[in-house]
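What follows is a short report on a single structure.
Chain letters run A, B, ... following the sequence lines, proteins first, then strands; residues in each count from 1.
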2 protein chains.
Amino acid sequence: MARTVKGPDARRERWKGHREQRRAEFVEATIAAVARKGPDVGMEDVAAEAGVSKPVLYRHFTDKSDLYLAVGQKATELLMDRMGPALAADGPIRERIRRIVDAYLSVIEDNPNLYRFVVKGSFVDRPVEKDVVQEDKDLIASTLARILGDYLRAFDMDSGGAEPWAHALVGMVQNAGDWWLDRQTMSRENLSDYLATIIWHAIDGLLRSGGIQADPERPLTPLRLVD
Amino acid sequence: MARTVKGPDARRERWKGHREQRRAEFVEATIAAVARKGPDVGMEDVAAEAGVSKPVLYRHFTDKSDLYLAVGQKATELLMDRMGPALAADGPIRERIRRIVDAYLSVIEDNPNLYRFVVKGSFVDRPVEKDVVQEDKDLIASTLARILGDYLRAFDMDSGGAEPWAHALVGMVQNAGDWWLDRQTMSRENLSDYLATIIWHAIDGLLRSGGIQADPERPLTPLRLVD
DNA sequence: CGGTAAGTGTTACTTTAGGTAACGGTTACT
DNA sequence: AGTAACCGTTACCTAAAGTAACACTTACCG
C-alpha cells in the first residue's frame with residue numbers, strides 16, 4: 001500500500017470537465033421544470049425532468065439552495081453577457097444610458113420565467129445563504145457608482161452621492177422592468193427611452209445645480225471598464 | 001327540533017371582537033418571534049412565543065401564509081399610517097417629495113426586522129397566494145401615478161408616462177432604502193434630501209423639455225387626496 | 001337548569017419534501 | 001487485478017406544516 005505520492009492521479013482529473021457539464025445540465029433541467037410546473041418545483045420534480053432520481057442530483061449539488069444558487073448564477077451570466085458591454089461602452093451619455101437600460105429589459109423580456117423564479121424565488125428553507133439577486137444588484141450598482149463618481153469628479157463636483165444614486169437607479173430600472181414585464185402596455189423601446197430620459201434629466205439637473213452644462217449628445221470623459 | 005329561525009344567535013356574535021384581538025395578538029407574537037429567532041421561524045416557534053400550542057394558532061389562521069399575510073397587512077398599516085398623510089399633503093413640490101420619501105425611510109428605520117421579514121420574507125411553500133409587498137408597491141405607485149398625471153396634465157403635457165414613472169420612483173426609493181438600511185453610511189435626512197433632489201430634477205427636466213419652468217419652492221395644483 | 005355554540009387548550013398523529021444510506025454496476029487509469 | 005472516480009437505484013430518515021380527536025370553559029337560550 002505504501003505508494004509514493006506523485007502528481008495528481010489522472011483518475012481524478014478525468015472528470016473535471018464532466019462534472020461542470022453535468023451541473024449545467026441539471027441547471028437547464030431546473031429551468032425547464034420551472035417553466036413547466038411553476039416556480040415551486042421540488043427536487044423530485046427537477047430530478048424527474050432530468051430523467052434521474054434524487055440522489056443523483058445530490059451528488060452534484062449539496063443542497064436545494066446550492067442548485068438554486070447555480071440557477072441564479074446562470075441567470076447572472078445571461079444578464080451580464082448583455083449588460084457588461086453596455087456598461088463598458090462609451091458614447092453619448094443619453095444613448096449610453098438608454099443602452100444600459102435596454103440591455104437589462106431585453107434580458108428579462110427574453111427570460112421572464114427564469115427571471116421571476118430567480119428574483120421572487122422561493123429561497124425557502126434555511127438562511128438565505130447567498131442571495132444572487134442582491135449580489136447582482138450590488139455589482140451593477142457599484143459599477144454604476146464608479147461611472148457616476150468619475151463623472152461627478154470630472155466636473156469637480158462632490159461625488160459622495162454616487163453610491164445612493166447608483167442603488168436608486170438600479171431599483172428604479174428593476175421595478176419599472178417588473179411592472180412592464182407583468183402588464184406589457186408599452187414597447188420595450190418606449191420604456192427604455194423613457195427611463196433614459198428620466199435618468200438623464202436627473203443627472204443633468206445635478207450637474208446644472210453645480211453650474212455645469214452637459215450635452216446629452218456628446219460622449220463624456222473616458223471611463224474605466226468593468227473589471 | 002323545529003326551531004323557528006330568528007335573528008342571529010347572540011352566542012355567535014359574542015366573539016366577533018375577540019377573534020380580531022386574538023389574531024392581532026398572534027401577529028404580534030410572530031413579529032416578536034421573528035425579532036428573536038430570525039426570519040425563518042416556524043409555526044411551532046410562533047405558537048410557543050404566544051404561549052400556546054400549534055392547533056390554537058390554526059384556529060385563527062388557516063395557514064402559514066395566512067399568518068404571514070396578516071403580518072404583512074400589519075406592516076402595511078404601519079407604512080400607510082405615515083405615508084398616507086405625506087402623500088395627501090400639499091405644499092412646495094420639493095418639500096412634498098422629500099416628505100414622502102422620508103416617511104418611507106422612517107418606517108423602515110423604525111422596523112427593520114419586520115421590514116426585512118416582510119419583503120425578503122420566506123413566502124415559502126405553495127403559490128405566493130397574495131403578495132402584500134407587491135400590493136403595497138402597486139398602491140403607492142398608482143397614487144403617485146395619479147399625482148404625476150395630474151401634474152403633467154396641469155401643464156398640458158402628455159401624461160402617458162406617469163405610470164412607468166411612478167413604478168420607477170417606487171423602486172428607486174425602495175432600493176435606495178434597502179441599501180441604506182443595511183449599511184447606514186449616511187443620515188436619514190441626508191438620504192431623503194438627496195433622493196428628493198434627484199426626483200425633483202427628473203421632474204423638472206421633464207417639464208423643461210415641455211417648455212415649462214416650474215418652481216420647486218412653490219406649491220402646485222390642488223390635488224385629489226388618496227382614496 | 002339542561003342544552004348548545006362558541007371558544008379554550010392539549011397530545012398524538014399524518015403528510016410532504018428535503019435530504020441520506022446502502023447497495024450494485026461501469027469505465028479507465030495504475 | 002485493483003481502485004478511484006462516476007452512474008444509478010430503492011428505501012429510508014427527519015423536520016415542519018397541518019390535522020384529528022379529545023377534554024374543559026363560558027355564557028346565551030329556551
Side-chain angles (χ1 to χ4, degrees), chain A residues 1-26 29-30 33-34 37-69 121-127 129, chain B residues 1-23 25-26 29-30 33 37-69 121-127 129:
Chain A
M1 293 304 192
R3 301 195 320 157
T4 21
V5 178
K6 20 179 174 179
D9 190 325
R11 274 170 298 189
R12 204 171 309 158
E13 302 306 298
R14 216 179 102 212
W15 303 97
K16 273 284 153 75
H18 186 241
R19 286 190 65 84
E20 284 308 304
Q21 189 186 334
R22 209 80 213 287
R23 270 178 74 102
E25 185 187 325
F26 287 126
T30 308
V34 166
K37 311 194 52 171
D40 48 350
V41 280
M43 295 302 263
E44 194 101 40
D45 301 294
V46 173
E49 180 75 37
V52 126
S53 64
K54 267 194 299 173
V56 177
L57 212 50
Y58 280 100
R59 290 233 182 77
H60 295 274
F61 300 90
T62 67
D63 207 89
K64 189 174 175 173
S65 44
D66 188 25
L67 172 61
Y68 284 7
L69 187 69
S122 345
F123 267 118
V124 287
D125 251 19
R126 321 293 164 180
E129 331 221 351
Chain B
M1 294 307 185
R3 302 196 320 158
T4 21
V5 179
K6 27 176 170 179
D9 190 325
R11 273 170 299 189
R12 203 171 310 157
E13 301 306 298
R14 216 180 101 212
W15 304 97
K16 272 286 154 72
H18 186 243
R19 287 192 64 85
E20 284 310 304
Q21 190 187 334
R22 209 80 212 287
R23 270 178 74 101
E25 184 187 325
F26 287 127
T30 308
K37 309 195 52 171
D40 48 349
V41 281
M43 294 303 262
E44 194 101 40
D45 300 295
V46 173
E49 180 75 37
V52 126
S53 64
K54 269 196 296 173
V56 177
L57 213 48
Y58 280 100
R59 290 231 183 78
H60 295 273
F61 300 91
T62 67
D63 209 274
K64 189 174 173 172
S65 43
D66 188 26
L67 172 60
Y68 284 8
L69 186 69
S122 347
F123 267 118
V124 288
D125 251 18
R126 320 295 165 179
E129 330 222 353

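- Annotation for A:V46 and A:F26: closest pair CG1-O, 4.4 Å, computed over non-hydrogen atoms.
- A:E49 places none of its side-chain heavy atoms less than 4.5 Å from the side chain of A:V41.
- Heavy-atom neighbours of A:E44 CD from other residues, nucleotides or ligands within 6.0 Å: at or below the threshold of 12.
- In this structure, the CG atom of B:D40 is 16 Å from the P atom of C:dG18, given to the nearest Å.
- In terms of position along DNA chain C, the nucleotide closest to B:G51 lies nearer the 5' end than the nucleotide closest to the other residue of the pair B:G51 and A:E44.
- Between the CG atom of B:L57 and the P atom of C:dG7 there is a distance of 15 Å, given to the nearest Å.
- If you check every strand for non-hydrogen atoms under 4.0 Å, B:R59 touches a base.
- In this structure, A:E25 places its CD atom 9 Å from P of D:dC7, rounding to the nearest Å.
- D:dC6 atom P lies 13 Å from atom CZ of A:R23, rounded to whole Å.
- Taking only side-chain atoms of A:P55, from C-beta outward, the nucleotide of C:dG9, C:dT20, C:dG7 with the closest atom is C:dT20.
- Counting to the nearest Å, the C1' atom of C:dC13 and the CE atom of B:M43 are 18 Å from each other.
- The interatomic distance linking B:L67 (CG) with D:dA16 (P) rounds to 16 Å, in whole Å.
- Residues A:A29 and A:A50 approach most closely at CB-CB, 3.8 Å, considering heavy atoms.
- Under 3.5 Å, the side chain of A:K54 and the base of C:dG19 form at least one donor-acceptor pair of N or O atoms.
- Checked against C:dT20, D:dT9, D:dT19, the side chain of B:Y58 finds its nearest nucleotide in D:dT19.
- If you take CG of A:D45 and C1' of C:dT16, they are 12 Å apart, rounded to a whole angstrom.
- Between B:R19 and B:V52, the residue anchored closer to the 5' end of DNA chain C is B:R19, taking for each the nucleotide with the nearest heavy atom.
- Here the side chain of B:S53 is nearest to one of D:dG18, C:dG18, C:dT10, namely C:dT10.
- In this structure, NZ of A:K64 is placed 8 Å from C1' of C:dA17, rounded to the nearest angstrom.
- In summary, B:R22 and B:E25 engage in a salt bridge, as defined by a charged side-chain N under 4.0 Å from a carboxylate O.
- Between A:H60 and D:dA5, a side-chain N or O to OP1/OP2 separation shorter than 4.0 Å is absent.
- Within the 4.0 Å cut-off from OP1 or OP2 of C:dG9, at least one side-chain nitrogen or oxygen of B:R22 is found.
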